[in-house]
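Take a look at the structure set out below.
Values below: every heavy atom of this structure, side chains too, minus hydrogens, waters and symmetry copies. Chain identifiers are assigned alphabetically (A, B, ...) following the order of the sequence lines, protein sequences preceding nucleic acid strands; residue numbering begins at 1 within each chain.
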Protein chains: 2
Amino acid sequence: MEYKFRLRRSFPFSATEKDTEWDGFTPSEVELLDRKTIRRKYAPGDFIFHQDDTPSGIFCIEGGYVLLSRMDASGNETTFGIFGPNETIGHRSFFASDLHVATARAITHCFSYLIPTDTVRQLFELNLELAWWFLRTVASDRGPLDGLLLRGSKVSARVRFIHMLLVLRDRFAQTDANGHLVFELPLSRVEIANMLGVTPETITRTLRELQDENLAIIHGRTVIVPRPDLLERASEPNVSF
Amino acid sequence: MEYKFRLRRSFPFSATEKDTEWDGFTPSEVELLDRKTIRRKYAPGDFIFHQDDTPSGIFCIEGGYVLLSRMDASGNETTFGIFGPNETIGHRSFFASDLHVATARAITHCFSYLIPTDTVRQLFELNLELAWWFLRTVASDRGPLDGLLLRGSKVSARVRFIHMLLVLRDRFAQTDANGHLVFELPLSRVEIANMLGVTPETITRTLRELQDENLAIIHGRTVIVPRPDLLERASEPNVSF
DNA sequence: CGTACCGTTGAGGTGAGTCAAAGTAAGTGG
DNA sequence: CCACTTACTTTGACTCACCTCAACGGTACG
């Protein structure tokens with residue numbers, strides 16, 4: 001039997017995942033998932049859900065990248081995170097029985113599964129261990145917390161940006177033949193600015209500053225870091241060069 | 001039989017709580033809790049746990065108030081929240097199998113229960129619904145998230161302070177005979193500043209500004225708000241007076 | 001009556017915001 | 001393949017909210 005849900009590292013509903021505590025689904029549960037989940041396709045800029053919507057279930061991203069952000073009354077957009085393949089979004093609001101706090105917007109072509117509310121409920125009834133797994137997931141999400149720590153006014157835009165690079169390294173950077181870190185960021189200047197809580201102009205200026213100091217080479221959305229080791233030092237707020 | 005754990009609204013381990021999904025403890029489980037929890041007394045300034053400590057269990061505050069904050073390498077302290085009676089602290093790190101991200105410090109005389117790691121584990125084995133309850137608790141904690149939203153550089157210290165008042169209203173404010181809101185804040189200027197991500201001097205100046213505009217009357221840690229309705233309007237970042 | 005902590009006040013500096021304009025890249029249609 | 005539109009990015013000049021540093025006043029406590 002062929003399931004839509006195959007082996008996927010850290011995919012919470014994977015029936016065959018061996019690396020997590022979470023491989024206890026029975027065939028009937030997997031069948032339920034397969035039958036009820038809704039697969040959707042999104043183009044860049046498409047919304048997956050909006051802030052203040054009532055959650056209609058939990059989304060699992062199959063491919064592509066999604067930004068979670070919130071816009072306040074004055075039009076300031078704050079981005080909390082970028083999520084990619086095999087990550088779930090929308091679960092926090094779901095479990096808090098809350099309206100969506102954030103808007104999810106695809107920034108690349110994107111596929112996601114929606115596990116509808118009723119199906120999630122049924123799964124929890126069938127298998128209470130699911131709560132334990134999600135408890136770990138939600139508790140481990142330090143996104144907003146780390147963001148908060150970086151927003152002290154004493155933390156410069158420069159340090160925030162470098163910190164962002166460190167966080168995104170695993171997903172968007174590769175090491176080339178010369179040992180340089182090459183980032184292919186899927187984010188516009190505006191989106192970066194919203195992640196760091198500054199303006200796009202500040203991003204431009206910060207990038208030029210880093211370039212002038214030979215800490216990075218910038219080409220559009222490509223950022224090349226010749227000396228990755230210096231990055232870590234530069235992310236210490238009080239280290240001067 | 002008399003238990004240490006009595007009826008307490010929203011106390012997660014309450015055996016008799018009827019308002020939540022969480023009243024399913026059996027007598028033997030309650031007995032386990034009673035036997036294993038450790039009650040401790042703290043004076044103002046005492047630490048309950050330190051950042052980067054290994055969690056030794058979950059703490060429930062019986063009485064008094066506790067600040068959760070983190071200090072970075074340059075000595076900046078960021079406070080995420082203030083917690084009081086019947087609230088649990090330390091659970092996020094616990095469930096994430098992480099070191100404590102924050103330091104918990106008593107700001108008043110304070111009693112708390114520590115439910116040790118082993119006891120929590122036993123309780124989860126006895127009663128998996130506990131995971132479901134904590135999932136709701138952790139998911140509902142919007143503390144760091146709300147904090148993050150207030151740290152956009154476009155949000156002034158003034159708006160942040162007013163927002164803090166609104167958040168603390170339920171706990172620390174009473175309405176007097178004239179319909180004025182009277183806050184008795186248990187926080188020093190420095191502690192307020194750390195909550196808002198500004199300096200203590202800015203707090204002083206902001207308070208004087210509010211006083212000059214007759215929006216508040218300040219006496220030490222007492223803040224009287226003559227027109228509570230104006231507060232809500234003033235917390236909208238883009239409303240001008 | 002010092003010591004310590006907290007809070008206030010002032011003067012001066014600065015990082016980042018704002019506004020406006022020009023430059024660049026990417027896609028569309030003829 | 002080129003003109004045209006649209007969105008994104010950069011740059012510069014100016015402004016300002018908040019930080020920094022330093023001094024001083026108040027209150028509690030041994």
Would you check if there is a donor-acceptor pair between the side chains of B:Glu62 and B:Ser112 at a distance under 3.5 Å? no
Quick one: which residue pairs count as a ring-ring contact (aromatic ring centres under 6.0 Å, His included) with a foot in residues 49-72 of chain B, not counting sequence neighbours? B:Phe47-B:His50, B:Phe49-B:Phe59, B:Phe49-B:His100, B:Tyr65-B:Phe172
How long is the straight-line distance from OG of B:Ser69 back to CD1 of B:Ile82, given to the nearest 0.5 Å? 11.5 Å
To the nearest 0.5 Å, tell me how far A:Glu77 CD sits from A:Asn194 CG. 5.0 Å
Does B:Arg221 place a side-chain N or O at less than 4.0 Å from the phosphate oxygens OP1/OP2 of C:dG7? yes
For each nucleotide in nucleotides 19-30 of chain D, reading 5' to 3', give B when a protein heavy atom comes within less than 4.0 Å of its base, S when such contact involves only the sugar-phosphate, and - otherwise. SBBB--------
Length of the line joining A:Glu191:CD and D:dA7:C1', which is rounded to integer Å: 12 Å
A:Glu209 CD to C:dG15 C1', straight-line distance once rounded to whole Å: 10 Å
Rounded to whole angstroms, how far apart are CD1 on A:Ile203 and P on D:dT10? 10 Å
Just wondering, do A:Leu67 and A:Leu187 contact through their side chains at under 4.5 Å, heavy atoms? yes
Using side-chain heavy atoms (C-beta onward) and a distance below 4.5 Å, is A:Thr78 in contact with A:Asp72? no
Looking only at side-chain N and O atoms, does B:Arg208 come under 4.0 Å of OP1 or OP2 in C:dT8? no
For A:Gln211 and D:dT9, give me the distance from atom CD to atom P, rounded to whole Å. 15 Å
Can you tell if the side chain of B:Leu149 reaches within under 4.5 Å of the side chain of B:Asp146, non-hydrogen atoms only? yes
Looking at side-chain heavy atoms only, is the closest gap between B:Leu68 and B:Thr79 below 4.5 Å? no
In whole angstrom, give the distance that lies between atom CZ of A:Arg189 and atom P of C:dA26. 13 Å
note: B:Leu210, atom CG; C:dT8, atom P; distance rounded to Å ~ 13 Å
Taking five pairs at each terminus, the helix from C:dC1-D:dG30 to C:dG30-D:dC1 shows an axis bend, to 10°, of 40°
Euclidean distance, atom CD1 of residue B:Ile192 to atom P of C:dG7 [Å, nearest integer]: 8 Å
Do any side-chain nitrogens or oxygens of B:Arg158 fall under 4.0 Å of OP1 or OP2 in D:dC18? no
Is there a side-chain contact between B:His180 and B:Val225 in this structure, where contact means two heavy atoms from C-beta onward sitting under 4.5 Å apart? no
Separation of C:dA25 atom P from A:His219 atom NE2, nearest Å, is 12 Å
